[in-house]
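Below is one structure; the comments refer to it alone.
For the single chain, residues carry numbers from 1 onward in sequence order. We count ligands from 1, going down the list as the structure has it; atoms in each ligand are counted the same way.
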Amino acid sequence: MSATVEANFDGLVGPTHNYAGLAYGNLASARHAETPSNPREAALQGLIKMKALADLGLAQGVLPPHERPHLPTLRRLGFSGTDAEVLFKASLEAPDLLAAMASASPMWTANAATVSPSADCADGKLHFTPANLATHLHRAIEPETTARALKATFPDPRHFVHHDPLPATPGLGDEGAANHTRLCTDYGAPGLELFVYGRGAENEPRPQKFPARQTRAACEALARLHRLDPVRCHFAQQAPQAIDAGVFHNDVIAVGNRDLLLCHERAYTDPRALKDWVLRHLPSARVIEIAEDEVSLAEAVSSYLFNGQLVSAPDGAMWLIVAQECQEHPRVWACIQRLLADPLNPIAGVKVFDLRQSMRNGGGPACLRLRVVLTEAERAAVNPRVWLDGALYARLHAWVCRHYRDRLVPADLADPRLLEESRAALDELTQMLNLGSLYDFQR
Ligand code: SUG
């Protein structure tokens, strides 16, 4: 067994976490629009999951929240004056823009970037491309800070290659690792890279109701940039019916780890081609498809079963990390129990987490994490301060309790004190994690 590991980098939930109904096609976001949020609870729920994975012996890192509300973009859109004046005018003239500038959406780091491990890339380096998140304004403002955070976390050019985000245009929409799955026998061995898109060629079917956020053209560009072996890449189209049922990212309907792919039978337009490709290149692989009769697309979307994380502990045991909503859903929970009871099943057990604050915006366990496969040398080259151990957990817990509010409603987003509180919190965080001057307000 190689010493190469798959690390999870979870996004810390930012101090402005709120429900603004910004993500069209994400049913949970629409359902909870304008209900009160609890940023403190959200951040603590995320930290508890990170700590539990670190306690399992996994490499667990953190990625920082972004500066919100994002004043530089409000100014770019013509609001002027002091920060308080900008917030006030935006809240009167364009409350939707203010809400977009205040979202804590960078917490969902599965959308931060697409990451290809060095074993898959022709130059033997680990490649990152921040996602352009072109479909929604509140997310399209993320890539610049994401790129800085990734460079501050993975600084060494001898190991890490950081590409620019793809041009942010609908034809190149890219939502990052949420639409990318790697399958392998061992993390250190060359893997298969599965790219999933919603929007392909003109003659391919399109969803009728909701946007297809990921494009095939973006996936192909990522594979080229990351210098992947074309034979070991596959581009699969998401079923338009799945997108219209609320599957806005592939990680809402499929999850893979090592040589296991767990997905819904209605996830793709051509599931047979996908399975054939997987089994041709990785004969040991198992593709477990859950039938519509057992868990419907609608049940998959409301429980986030497939947004579970499949992780391999250092002893080799594979765990399924799910949101509490799965346990509360009798048919979904029965499906998990059936999978676990199957003697051929590779999953050792299930761990359940309360991530309700993030779930209400359509962000489950897997949305909150970016997977980065690291060799021993690459792991040693990561900014050491970002690894979550007991000490960092305690410091971050105290930091959240000191700075975060326990209630936010849309009207609070224009409060200049919220901006000040957030900046104070983030300023302290960049020192704690040794990230340098990450934010515009620090530059
Ligand atoms: O882009 N929700 C996010 C959820 C992202 C989940 N990520 C993955 N599946 N990997 C989105 O739809 C809602 C924000 C609001 O409505 O306030 C939001 O952006």
Side-chain angles (χ1 to χ4, degrees), residues 8-11 13-14 16-39 42 46 63 65-66 68-70 95-115 131-143 146 173-181 196 198 210-214 238 242-243 246-256 267 300-309 321-323 325 355-371 408-410 412-413:
N8 285 292
F9 288 81
D10 279 46
V13 178
T16 61
H17 159 68
N18 74 97
Y19 303 117
L22 299 173
Y24 186 58
N26 167 342
L27 304 182
S29 152
R31 189 170 318 121
H32 297 98
E34 306 202 351
T35 60
S37 65
N38 184 335
L63 284 168
H66 294 189
R68 296 287 182 273
H70 198 243
D96 294 351
L97 282 181
L98 176 59
M101 294 309 122
S103 174
S105 57
M107 73 173 87
W108 300 299
T109 53
N111 306 118
T114 302
V115 185
N132 61 27
L133 296 163
T135 309
H136 291 97
L137 175 62
H138 70 292
R139 306 225 58 183
I141 59 172
E142 294 177 35
T146 296
D174 174 25
E175 303 262 326
N179 296 315
H180 176 249
T181 305
V196 178
F210 294 141
R213 300 194 195 183
Q214 183 82 28
Q238 263 191 298
I243 295 175
V247 180
F248 56 96
H249 288 137
N250 179 59
D251 69 2
V252 174
I253 208 64
V255 54
V301 170
S302 66
S303 66
Y304 263 41
L305 166 61
F306 297 96
N307 200 258
Q309 289 175 249
I321 310 295
V322 297
E325 284 75 358
L355 295 166
R356 223 175 283 279
Q357 285 289 326
S358 169
M359 284 286 284
R360 288 190 187 129
N361 255 337
C367 300
L368 289 160
R369 63 97 162 92
L370 182 67
R371 293 189 276 192
L408 272 188
V409 291
D412 297 324
L413 302 178

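Close contacts of ligand 1 with Ala178, meaning ligand atoms under 4.0 Å from a residue heavy atom, involve 10 (N). Counting atoms of ligand 1 from 1 in the listed order, those under 4.0 Å from a heavy atom of Asn26 are 2 (N), 3 (C), 4 (C), 11 (C), 12 (O). Using a 4.0 Å cut-off to heavy atoms of Gly21, the atoms of ligand 1 that qualify are 15 (C), 16 (O), 17 (O). Of all the atoms in ligand 1, the ones that sit under 4.0 Å from a non-hydrogen atom of Cys367 are 6 (C), 7 (N), 8 (C), 9 (N), 10 (N). Close contacts of ligand 1 with Ala110, meaning ligand atoms under 4.0 Å from a residue heavy atom, involve 10 (N). Contact atoms of ligand 1 toward Ala23: 11 (C), 12 (O), 13 (C), 16 (O), 18 (C), 19 (O) (distance under 4.0 Å to a heavy atom of the residue).
Ser302 has its side chain out of reach of Glu325: every pair of non-hydrogen atoms, C-beta onward, lies at least 4.5 Å apart. Using a 4.5 Å heavy-atom cutoff, the side chains of Asn307 and His249 are not in contact. Looking at Thr109 and Phe9, their side chains never come closer than 4.5 Å, going by heavy atoms from C-beta outward. Residues Leu137 and Met101 meet the side-chain proximity criterion, which asks for heavy atoms closer than 4.5 Å. With contacts defined as side-chain heavy-atom distances shorter than 4.5 Å, the pair Tyr304/Val252 qualifies. In this structure, His66 and Thr146 have side chains that are in contact, with non-hydrogen atoms separated by less than 4.5 Å. Between Gln214 and Ile243, every side-chain heavy-atom pair lies at or beyond the 4.5 Å cut-off. Counting heavy atoms from C-beta outward, His136 and Leu22 have side chains that stay 4.5 Å or more apart.
Inclusion of Phe248 in the set of residues having an N or O under 3.5 Å from an N or O of ligand 1 is not warranted. Taking only nitrogen or oxygen atoms, main chain and side chain alike, Arg213 reaches within less than 3.5 Å of ligand 1. Between Ser103 and ligand 1, not a single N/O pair is under 3.5 Å apart. In terms of polar-atom proximity, Gly362 is not counted as a contact of ligand 1, lacking any N or O under 3.5 Å from an N or O of the ligand. Between Leu22 and ligand 1, at least one pair of N/O atoms sits closer than 3.5 Å. Ligand 1 has no nitrogen or oxygen under 3.5 angstrom from a nitrogen or oxygen of Asn307. Of the N or O atoms in Asp251, one or more lie within a sub-3.5 Å distance of an N or O in ligand 1. Ligand 1 has an N or O atom lying under 3.5 Å from an N or O atom of His249, backbone or side chain. The shortest N/O to N/O separation between His138 and ligand 1 falls below 3.5 Å. Any N or O atom pair closer than 3.5 Å counts here, and Ser29 shares at least one such pair with ligand 1.
Asn111 contributes atom CG, which lies 7.5 Å from atom CG of Asn179 (distance to the nearest 0.5 angstrom). Separation of atoms CZ (Arg360) and NE2 (His17) is listed at 8.0 Å; rounding is to 0.5 Å. Between the CG atom in Asn132 and the CD atom in Glu175 there is a gap of 7.5 Å [rounded to 0.5 Å].
The closest protein non-hydrogen atom to atom 2 (N) of ligand 1 is Asn361 O, 3.0 Å. Considering only non-hydrogen protein atoms, atom 17 (O) of ligand 1 sits nearest to Ala20 N, 3.0 Å.
With a heavy-atom cut-off of 4.0 Å, Asn18 touches ligand 1 through its backbone alone. Of all the heavy atoms of Arg139, the ones lying under 4.0 Å from any atom of ligand 1 belong exclusively to the side chain.
Heavy atoms of Leu133 come nearer than 4.0 angstrom to ligand 1 in no pair at all.
Across all their heavy atoms, Ala177 and Leu370 have their closest contact at CB-CD1, 3.8 Å. Between Arg356 and Tyr19, the shortest heavy-atom distance links the atoms O-OH, 4.2 Å.
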